[in-house]
Every structure is written in structure tokens, then in C-alpha cells.
S.K.: 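Below is one structure. I have some questions about it.
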2 protein chains.
Amino acid sequence: MAEMSIDDVAARAGVHRSTVSRAFSRPEAVNPTTRQRILEVAESLGYQVSPLAQALRRKTSNLVPLIVPDITNPFYGELAKTMATAAAEKGYQLVLCVTGGEVAQTNAYLTALQGMYAPFGIVAPSTSVDLDELRSVALGSRVVVVDRVDKAQVPTVTVDSAEGIALAVDHLRGLGHRRIAYVSGISGTYTSRDRLAAYEGLAAKLEIPAMILDAGAGSEAGERAAELFVNTAYEERPTAVIAANDMVAFALISSLGARGVSIPDEVSVMGFDGLELGSRSNPRLTTVRQPIADMGAIAIDLAEQLLNDGEAQHVVLAPDLLIRASTAEVPR
Amino acid sequence: MAEMSIDDVAARAGVHRSTVSRAFSRPEAVNPTTRQRILEVAESLGYQVSPLAQALRRKTSNLVPLIVPDITNPFYGELAKTMATAAAEKGYQLVLCVTGGEVAQTNAYLTALQGMYAPFGIVAPSTSVDLDELRSVALGSRVVVVDRVDKAQVPTVTVDSAEGIALAVDHLRGLGHRRIAYVSGISGTYTSRDRLAAYEGLAAKLEIPAMILDAGAGSEAGERAAELFVNTAYEERPTAVIAANDMVAFALISSLGARGVSIPDEVSVMGFDGLELGSRSNPRLTTVRQPIADMGAIAIDLAEQLLNDGEAQHVVLAPDLLIRASTAEVPR
DNA sequence: TTGAAAGCGATACCAG
DNA sequence: CTGGTATCGCTTTCAA
């Protein structure tokens with residue numbers, strides 16, 4: 001099945017290429033009979049329009065870059081999945097770009113895809129990406145940002161951190177907890193910063209002590225927090241801890257477990273994200289769920305709106321609670 | 001910064017487009033002085049060759065599709081990550097395609113990327129993909145398969161299941177275990193089939209009873225196996241179980257935990273994959289590690305060899321053991 | 001070493 | 001409604 005071009009179809013159908021072109025891109029502008037014939041010929045020849053040639057001529061393609069720092073993190077995996085679906089429904093092809101958190105990579109991908117006439121891009125920024133710098137690179141002004149606080153002139157979709165933290169704290173207080181600590185993830189991440197601020201604000205408001213077990217990135221955060229926990233006198237230990245995100249919660253539980261601390265008997269642990277994985281952890285993770293699927297679809301919508309109206313909207317979604325097995329009544 | 005074309009550079013540098021083209025693609029074929037000037041002009045103009053136009057003309061691009069059933073699964077996430085790196089090092093752009101395990105999707109992606117002149121593709125096939133059918137679609141004959149048994153005429157890179165299972169069983173027997181069960185994952189998956197066969201073969205050889213807690217896909221497998229476990233009389237229960245892959249192991253541990261079974265005190269559990277995540281689980285997962293990073297790099301190499309020599313090589317890699325905390329001496 | 005010209009596969013505007 | 005023509009941005013003989 002050699003590659004068929006538009007001219008092959010045209011010849012076989014006895015019409016001009018431009019007619020074939022129309023038969024595909026503006027069907028109503030061509031005589032039904034002719035169109036029918038063209039379509040049949042195309043079908044029988046196994047013809048497909050060349051997206052490359054099409055993009056070159058139209059100066060716009062259906063390639064949409066999704067830029068994430070680390071696809072190994074299930075959060076981005078879930079995001080990518082829903083995004084791919086949402087994109088496909090609108091005829092876009094998602095191109096996943098993994099940056100390792102490096103700004104240079106982000107920019108490189110953006111310019112590369114600009115060169116491929118990507119109509120817009122979605123970025124789930126890591127710590128270091130500066131939104132304003134983003135705008136300076138090609139395609140940078142046609143980007144929507146996911147999971148990151150707004151402020152900038154770029155459309156964003158995020159989840160309400162304050163609401164999420166409030167949900168978590170309420171749940172915990174309902175179980176009798178009063179000493180509720182917080183473990184931050186990568187401290188430079190905007191969402192974790194945001195969530196941390198929400199926690200501090202709420203603690204102040206409720207007049208409960210803010211206990212922050214801050215730490216480095218990834219599993220280290222959990223490790224260090226666990227260390228701190230066991231080195232704290234019994235009566236001063238928090239009875240519950242909220243992790244900045246599910247992955248940190250997993251790491252924390254793991255480290256706590258390795259030190260013989262049992263969850264939720266000795267301490268309750270909550271996450272934030274609502275990863276599918278939380279239903280397969282030990283114990284199953286109680287967490288604040290972000291509506292990841294909605295985020296994906298909305299991001300695509302926002303992008304299209306940006307193209308049409310030039311409007312940079314900010315959508316902030318409401319999280320909800322996923323109560324599973326990592327939280328329990330405060331031990332007495 | 002409007003888009004600059006090759007002609008803009010040519011005009012500004014006072015040469016013909018063809019010379020500019022050469023300056024980039026065959027630098028040695030152009031006068032050093034001229035080249036220097038062209039490069040400077042290009043630089044100052046912010047010119048970049050259009051990959052689209054280039055691909056259209058050359059009939060080959062640098063886009064490489066990686067086709068996975070489910071990017072939510074960290075195994076594919078890790079694969080994608082190493083693959084992206086390996087690809088980038090050779091100047092390719094990885095395009096991640098998520099199929100949800102559907103053959104139609106796989107074929108659709110393959111043809112779409114064929115249309116973009118992808119030089120080859122990498123597929124991590126789900127259950128249902130038929131390698132021979134694969135070859136019939138466009139690009140299908142320039143595909144390398146990862147994590148799937150060979151047989152077919154397609155290059156493959158896999159890990160030695162028998163060796164992996166042997167590693168696991170040895171480890172467990174060394175800890176005194178004799179009743180070692182096996183939990184299969186999605187039973188249609190080739191690797192899990194392969195691993196299951198390896199387990200059965202080894203059990204027969206060692207004359208230990210083969211206890212197969214087979215079950216459905218994903219978390220159900222763990223759930224059902226756990227159910228079966230607790231419904232078995234104490235003295236007949238396996239003292240250790242090997243899961244077809246890490247995700248099944250996590251699910252199993254989770255379900256066992258939910259039923260009050262403690263690991264590794266009451267039963268040892270091993271995984272197979274060596275996911276990073278296993279170091280953050282509770283307890284940390286003892287597992288057979290696949291050299292995922294190598295698999296990525298090798299897959300790209302195999303693809304390039306396939307293009308050059310037309311040779312479809314099969315590489316099978318050796319797994320190793322990652323001893324963490326989910327296995328312990330048999331309780332007595 | 002460089003320039004000229006043809007063409008990759010499509011689209012879009014202009015006539016008819 | 002259909003055909004002709006120019007063009008998107010680049011590569012690649014072929015001559016000079």
C-alpha cells in the first residue's frame with residue numbers, strides 16, 4: 001500500500017486536486033455525486049490526507065503539546081490520560097513532553113512544537129517555570145497552565161487549595177484530632193506552596209497549632225518527616241498529618257511504617273490529589289480529590305477560548321473528600 | 001518575533017536558499033566563511049528550520065511514537081521517561097500515544113504517525129495487540145516491541161521471565177518458604193502469561209506445589225487473591241506470594257492489609273518490575289527489577305538497526321533482585 | 001562552492 | 001460547483 005497523494009485520488013476520480021481537497025475540508029462546497037465518487041476512490045486507494053502538508057499550508061496543526069515535569073509521577077500520568085482523551089475528542093493529537101523540571105526543556109519543547117504549528121499548548125509547570133518568561137517564547141502566549149496558581153496573564157485551571165485543606169482539616173477534626181501537622185512536598189511547587197499557605201491560614205483561624213514538617217522533595221520529604229515524628233515526644237506528636245500531595249503521603253506512610261508506626265492507629269495520614277493509586281495503597285489513602293478528568297477537558301476548552309476570544313480565563317475547581325482507610329479517630 | 005523562513009535568511013545573508021539549506025544539513029559542503037555568515041544571520045533572525053517542511057520533503061521525520069496502553073500505570077510512565085531521554089539523545093522527539101488497550105487505537109496512531117513520516121515506532125503492547133496484524137498496518141513493519149515475548153518477526157526487547165521468577169523463588173526459599181503462591185495480573189498480558197508459565201515450570205522442577213491465585217485485571221486481582229487467602233485454612237495458606245507485577249503486588253498488599261493480614265509477618269509478598277514506587281510503599285516492596293532504562297535505550301537502538309540492516313533482533317535482558325521489606329523469613 | 005529549478009502534499013483564492 | 005495557479009518551507013539533483 002504505497003502512499004497515495006491527493007493527485008492520485010484526483011486522477012482516479014477524474015477531477016482536479018482542488019476538488020478532492022474540498023471534498024474533505026469543505027464537503028458542502030462540492031456536488032454530492034462528485035463528492036461521493038471522490039470519497040469512494042479515496043477509500044479504495046487507502047488515501048489519507050497528509051497532516052504534514054496540511055499543516056504546512058494551513059499554518060496550523062492538530063498537535064497539542066502537554067508539558068509535564070515527570071511522567072513517572074502518577075498525578076501527571078492521570079492528567080495526561082484525561083488530557084489525551086479530551087484532546088482526541090476535539091480532533092487533537094496530544095504530544096507528551098517530559099521536561100525533568102527544566103525550564104530550558106520546557107522552552108525547547110514549546111518552540112519545537114511551535115515549529116510544528118501546534119495551535120496551543122498545555123503546561124503543568126514544575127517549580128522553576130516562570131510564567132512570564134513562558135510568555136516570551138514562541139507559543140508561550142498560547143498556553144494554558146494546569147495545576148498552578150493564576151496571577152499571570154495565562155489561562156489557568158486549578159483546584160481550590162484552601163477549600164481542599166479545609167475539607168481535610170474538617171474531616172480530621174471531626175475525628176477528634178487537634179494536633180494536625182502538615183508535610184510539604186517539593187517546597188518550590190506552586191500548588192504545595194499554596195496548600196501550605198492554606199494550612200497555615202486555617203490553623204491560625206481555628207487557633208490550632210500549625211506544625212509544619214517541611215522537607216525536601218519526593219520521598220525525602222516523607223523520610224524526614226517520619227524521622228522527626230518518631231523523635232518527638234509522644235505527647236507532642238501530631239495525631240494526624242496532611243501531606244501536600246498523595247505521593248508525599250505514600251512516602252510518609254512508608255517511612256512511618258518502616259519505623260514501626262502504624263497507620264491510622266497511631267497517626268492518621270491524609271493526602272491531596274486523589275490518585276487512583278490511593279485505592280491500592282496500604283492502608284488505602286484518605287485524601288482530597290482533585291477532579292483531574294475535569295481539569296483535562298477544561299484546559300482544552302480554555303485553550304480554544306483563548307484562540308477565539310483572546311481571553312485568558314482562570315477556572316478554579318472544587319475538590320472533594322475521598323475517605324478511605326488512612327484516617328481514624330484520634331487514639332486516646 | 002515573526003516566523004522566519006529559509007528565504008529570509010538567504011536574502012539577509014546574500015546567498016541562495018539552497019546554500020542556507022546546506023549550511024544546516026551538510027555544513028562541510030559549504031564555504032566556511034559563507035557558512036559562518038549564514039549561521040550568524042540565522043541566529044540573529046531567530047531562524048529555525050521547519051521540521052514540517054523538512055519532513056515533507058525528506059519523507060522522514062524525527063517523530064517517534066511510543067504506544068502504551070495506559071500511562072497511568074507507573075511502569076509505562078517509567079518506560080516513557082527513559083524512552084524520551086534515549087530518543088532525545090538521538091535527536092528524536094517522542095510522541096506518547098495512549099491506547100487504552102484498544103487495537104483500533106494502536107493502529108490509528110500508527111497510521112497517523114506514518115503520515116507524519118515517523119521513521120519507526122515503539123509499542124508496548126497490551127493484551128490484545130496481535131503482532132502479526134500489527135505488521136499489516138502502515139509503519140507496522142518498522143516497529144519494535146517492548147516488554148513482550150518475541151516469536152514474531154518484529155524486533156523485541158524483553159526481560160527474562162524465567163530468570164526473574166527463579167530469582168524470586170530462590171529468594172523466598174532462602175527465607176524458608178515452601179508454599180509459594182503466584183498471583184497473575186491481567187491474564188491476557190503476554191509478560192504475565194510468560195511469568196506464570198515460568199512459575200509453573202519452576203514449581204514442577206522443584207517439586208513444590210504450584211498455587212495459583214489467578215484473577216482479573218488490576219486491583220481486582222489483588223482483591224480476589226486476598227479474599228481467597230483469608231478463606232484458606234491457616235495450615236494450607238501460602239507463606240509467600242509472587243505477584244505478576246508490582247501493581248498487582250501493591251493491590252494485593254492493600255487488600256490483605258484491609259483484611260488485617262500483616263506483611264511480611266504473616267505472608268511475604270514479592271512484585272515484579274522494580275518500580276520506583278516500590279520504595280515508597282508500605283512495606284517497601286521486595287521485587288524483581290527489570291532494567292527499564294536499558295529497555296528504552298535498546299529499543300531505540302533496535303529500531304535504528306532495523307532501518308539499516310532490516311534485521312529484527314530480539315534482546316532479552318537479565319532482571320535482578322531488589323530486596324526490600326515485604327519479604328521475611330517464614331513464620332513458624 | 002554556489003545557484004537554479006523542480007517538487008514533497010496539500011490549501012485557497014480567483015476565474016469561469 | 002469546479003479548475004487553475006500560486007504557495008507553504010524546505011531539500012536535492014543538475015549545471016555552472
Side-chain angles (χ1 to χ4, degrees), chain A residues 1-39 41-42 45-63 111-119 138, chain B residues 1-39 41-42 45-63 111-119 138:
Chain A
M1 176 121 54
E3 283 324 300
M4 291 294 149
S5 87
I6 197 171
D7 284 320
D8 298 314
V9 179
R12 250 323 206 102
V15 294
H16 195 265
R17 321 136 68 164
S18 43
T19 308
V20 177
S21 175
R22 281 183 216 111
F24 285 97
S25 47
R26 261 170 359 97
E28 73 284 2
V30 46
N31 183 305
T33 325
T34 324
R35 190 203 323 158
Q36 181 61 21
R37 183 156 36 92
I38 293 178
L39 262 27
V41 170
L45 253 38
Y47 166 77
Q48 303 194 193
V49 317
S50 157
L52 248 52
Q54 198 172 33
L56 180 60
R57 188 56 234 243
R58 288 191 175 167
K59 289 178 170 298
T60 179
S61 73
N62 71 336
L63 261 26
T111 26
L113 272 120
Q114 160 77 283
M116 300 205 159
Y117 295 113
Chain B
M1 178 120 54
E3 284 322 302
M4 290 296 148
S5 88
I6 197 171
D7 285 321
D8 298 314
V9 178
R12 209 60 149 70
V15 295
H16 194 262
R17 320 135 70 158
S18 45
T19 308
V20 177
S21 175
R22 283 183 212 109
F24 285 97
S25 48
R26 259 168 1 95
E28 74 284 3
V30 46
N31 184 303
T33 324
T34 324
R35 188 203 323 158
Q36 182 61 22
R37 182 157 34 95
I38 293 177
L39 263 27
V41 170
L45 253 38
Y47 166 76
Q48 303 195 191
V49 316
S50 156
L52 247 54
Q54 197 171 25
L56 182 60
R57 187 59 233 242
R58 290 192 176 165
K59 288 175 167 302
T60 180
S61 73
N62 71 336
L63 259 27
T111 27
L113 272 122
Q114 159 78 285
M116 301 204 153
Y117 295 115

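Quantities reported herein were computed from a predicted structural model and do not represent experimental measurements. Note on naming: letters A, B, ... go to the chains in the order of the sequence lines (proteins, then strands), and numbering restarts at 1 for each one.
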S.K.: Base, sugar-phosphate alone, or nothing: which one does Val20(B) contact when heavy atoms must sit under 4.0 Å apart?
M.R.: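 The answer is nothing, as Val20(B) stays clear of every strand by at least 4.0 Å.
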
S.K.: State whether Gln54(A) places a side-chain N or O below 4.0 Å from either non-bridging phosphate oxygen (OP1 or OP2) of dG9(C).
M.R.: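 Checking dG9(C) against Gln54(A), no side-chain N or O comes under 4.0 Å of OP1 or OP2.
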
S.K.: Is Tyr117(B) near enough to dG9(C) that one of its side-chain N or O atoms lies under 4.0 angstrom from OP1 or OP2?
M.R.: yes

S.K.: List in numerical order all residues of residues 29-37 of chain A for which some heavy atom is under 4.0 Å away from an atom belonging to DNA chain D.
M.R.: Ala29(A), Val30(A), Asn31(A), Thr34(A)

S.K.: Answer yes or no: side-chain N or O of Arg22(B) and base N or O of dG3(C) forming a donor-acceptor pair under 3.5 Å.
M.R.: yes

S.K.: Can you tell me if Arg57(A) touches the phosphate of dT7(D), counting only side-chain N or O atoms and a distance under 4.0 Å to OP1 or OP2?
M.R.: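 For dT7(D), OP1/OP2 do not have a side-chain N/O of Arg57(A) under 4.0 Å.
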
S.K.: With respect to the phosphate group of dT11(C), does any side-chain polar atom (N or O) of Ser21(A) fall under 4.0 Å of OP1 or OP2?
M.R.: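 So the side chain of Ser21(A) is within the cut-off, an N or O lying under 4.0 Å from OP1 or OP2 of dT11(C).
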
S.K.: Please state whether the phosphate of dG4(D), meaning OP1 or OP2, lies under 4.0 angstrom from any side-chain nitrogen or oxygen of His16(A).
M.R.: yes

S.K.: Return the 5'-most residue of the pair Leu56(A), Gly14(A) with respect to DNA chain D, ranking by each residue's nearest nucleotide.
M.R.: Gly14(A)

S.K.: Check this one for me: any side-chain N or O of Lys59(B) less than 4.0 Å away from OP1 or OP2 of dG9(C)?
M.R.: yes

S.K.: Checking all strands, does Ser18(B) fall into the base, sugar-phosphate, or nothing category for heavy-atom contacts under 4.0 angstrom?
M.R.: base

S.K.: Look at the side chain of Val15(A) and decide which nucleotide, out of dG3(D), dA12(C), dG9(D), has an atom nearest to it.
M.R.: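 Selected nucleotide (nearest to the side chain): dG3(D).
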
S.K.: Any base atoms under 4.0 Å from Tyr47(A), or only sugar-phosphate, or nothing? Heavy atoms, all strands.
M.R.: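 Sugar-phosphate, backbone atoms only, no base.
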
S.K.: Below the 4.0 Å mark, does dG3(D) have OP1 or OP2 next to a side-chain nitrogen or oxygen of Thr19(A)?
M.R.: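 Checking dG3(D) against Thr19(A), a side-chain N or O does come within under 4.0 Å of OP1 or OP2.
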
